[in-house]
Student: 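The following block contains the structure, expressed as structure tokens.
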Amino acid sequence: MSRAWNFCAGPAALPQEVLEQAQAEILDWRGKGLSVMEMSHRGADFVSIAEEAEQDLRDLLAIPSNYKVMFLQGGATSQFAMIPMNLLRGHKSADYLNTGMWSTKAIQEARKYCDVNVVASAEDVNFTTVPELASWKHSKKPAYLHVTPNETIHGVEFEFVPQVDVPVVADLSSTILSRPIDVSKYGLIYAGAQKNIGPAGIVVVIVRDDLIGEVIPGTPTMFDYKVQADNGSMYNTPPTYSWYLAGLVFKWLKKQGGVAAMGEVNQRKASRLYHYIDGSGFYANPVDPRYRSWMNIPFTVENVALEKPFVKEAEAAGLLNLAGHRSVGGMRASLYNAVPDAAVEALIAFMKDFARRHG
Ligand SMILES: *Cc1c(COP(=O)(O)O)cnc(C)c1O
């Protein structure tokens, strides 16, 4: 068996130790004689798995007790609808910052439910930066402000939390658990699991409890945060195996030293790659250096005809999923928590060799 280095944007690499533990437990979970996949979600064993996963996530992010943590379905994409359905609470409008493709999708979906005020957009510069705070135009009484602090496709990330007097809602799908955050500065955080949490099938939602319980008429029961929170995310059958694997990843993260330790590793990995790209004279990253993502690093070559050979040759060298998103082209390396320093070193060595041969 040989495992390649996987730079996929999602579903993404998982820690090898986690996969090995899942393998060891797949037929017989802790002497119970069955797989986690075969357990009743209401039985004591799975309930303990689910509760431990939530507690570990609470520990990792220091989530205050007045926040609900939910493990839901439908990906980050269904949150684009669930957020206005749950958080409008009688308001007619919501504010959105547009920093890329995922913000744009959130905006389009929210427009079905309310007036969306785009406070600022970086579309005119192809989403290579974050609009200056002083240029943001907030509306009068928005229900909330929605931001996407890491744009997975464009590789743009900002760490600050906007200071506004309405709840800040953040799509942290591709940056959650990659560095410390202050949960108390947000009204709601959501993150699809398949980037930095676990396998696909789960979206984690962390929401301040006073914001839930007032949905717009016609909201499906499954889309009501209050119903999900009151039922421990088990109003219906949850994706139990994904939840279990997310729990194993949380334990692994604790063993690595938690999000502060991961932040150091992630900063180191990203700056190595940016440093190489900037000095290469062959590759380029278009993003404003103040807002370069630690997680998703797009890069281009001057001669676009070399993009396909790059991706193909990288694959042959055991470096997988380096093609850029189909909407933007180029290349992209995603360096999530489960991608180790050695993977980045292997990537840079390959990039050097490719540049030498084609430069
Ligand atoms: C991947 C991603 C999404 C979409 O996630 P799904 O789970 O596929 O719905 C939304 N937002 C961001 C920032 C993402 O990276």
Side-chain angles (χ1 to χ4, degrees), residues 6-14 70-85 94 96-112 116 121-123 127-128 130 144-159 161-162 168-179 181 186 188-207 222-223 228 233 238-239 241-243 245-246 249 266 270 287 291-298 321 323-328 332-339:
N6 184 7
F7 300 94
C8 193
L14 286 164
M70 294 175 276
F71 292 76
L72 305 180
Q73 300 172 61
T77 304
S78 46
Q79 294 309 308
F80 297 163
M82 281 177 77
I83 287 159
M85 284 174 162
Y96 280 70
L97 175 68
N98 190 1
T99 48
M101 174 84 88
W102 291 114
S103 311
T104 304
K105 289 200 164 167
I107 289 166
Q108 282 166 351
E109 190 73 359
R111 284 203 169 115
K112 295 184 176 175
V116 170
S121 171
E123 192 172 4
F127 299 120
T128 51
V130 176
Y144 55 85
L145 167 67
H146 181 282
V147 294
T148 309
N150 187 68
E151 285 283 354
T152 319
I153 294 170
H154 304 281
V156 173
E157 180 165 19
F158 61 95
E159 202 188 1
V161 185
V168 176
V169 173
D171 178 355
L172 297 187
S173 290
S174 47
T175 182
I176 195 165
L177 295 166
S178 67
R179 55 162 95 189
I181 52 167
Y186 300 89
L188 185 149
I189 288 167
Y190 63 106
Q194 69 275 17
K195 278 76 185 242
N196 229 354
I197 292 178
I202 281 190
V203 52
V204 169
V205 177
I206 303 166
V207 62
M222 280 290 290
F223 278 17
Q228 291 288 4
S233 309
Y241 201 70
S242 296
W243 197 330
L245 279 170
V249 171
N266 288 324
V287 178
Y291 300 117
R292 285 173 157 184
S293 171
W294 290 1
M295 293 286 101
N296 311 97
I297 303 185
N321 294 308
H325 190 266
R326 60 186 188 280
S327 64
V328 294
R332 172 177 53 172
S334 294
L335 308 182
Y336 298 120
N337 286 336
V339 176

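Whatever order the structure lists ligands and atoms in, that order sets their numbers, starting from 1. Scope of the values below: all heavy atoms of this structure, side chains included, with no hydrogens, waters or symmetry mates. Numbers here are sequence positions counted from 1.
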Student: Between N150 and ligand 1, find which residue part has any heavy-atom pair under 4.0 Å and reply side chain, backbone, both or neither.
Tutor: backbone
Student: Should I206 and Y190 count as side-chain neighbours, where that means a heavy-atom distance under 4.5 Å?
Tutor: no
Student: Among N196, I176, V339, T152, find the residue that satisfies the side-chain contact (heavy atoms from CB on, under 4.5 Å) test when tested with M295.
Tutor: N196
Student: Give the residue, atom name and distance (to 0.1 Å) of the protein heavy atom nearest atom 10 (C) of ligand 1.
Tutor: W102 CE3, 3.3 Å
Student: Would you kindly specify which portion of K105 sits under 4.0 Å from ligand 1, judged on non-hydrogen atoms: side chain, backbone, both or neither?
Tutor: neither
Student: Judged by modelled atom types alone, do T104 and N98 share a side-chain donor-acceptor pair under 3.5 Å?
Tutor: yes
Student: If I apply the N/O under 3.5 Å rule, does A76 come out as touching ligand 1?
Tutor: yes
Student: Provide the closest heavy-atom pair for N150 versus S174 in the form atom of the first, atom of the second, distance.
Tutor: ND2-OG, 2.8 Å
Student: Between Y336 and N266, do the side chains contain an N or O donor and an N or O acceptor separated by less than 3.5 Å?
Tutor: no
Student: Please list the nearest protein heavy atom to atom 11 (N) of ligand 1 with its residue and the distance rounded to 0.1 Å.
Tutor: D171 OD2, 2.6 Å
Student: Between T77 and ligand 1, find which residue part has any heavy-atom pair under 4.0 Å and reply side chain, backbone, both or neither.
Tutor: both
Student: Can you tell me which residue and heavy atom of the protein come closest to atom 15 (O) of ligand 1, and the distance to 0.1 Å?
Tutor: T152 OG1, 2.4 Å
Student: Please say whether K195 places an N or O atom under 3.5 Å from an N or O atom belonging to ligand 1.
Tutor: yes
Student: Hey, is Q194 one of the residues with a heavy atom under 4.0 angstrom from ligand 1?
Tutor: yes
Student: Answer with yes or no after comparing the ring centroid distance for Y144 and Y96 against a 6.0 Å cut-off, counting only values under it.
Tutor: yes
Student: For ligand 1, which atoms have a heavy atom of G75 less than 4.0 angstrom away?
Tutor: 7 (O), 9 (O)
Student: Between atom SG of C8 and atom NZ of K195, what is the distance when rounded to the nearest 0.5 Å?
Tutor: 9.5 Å
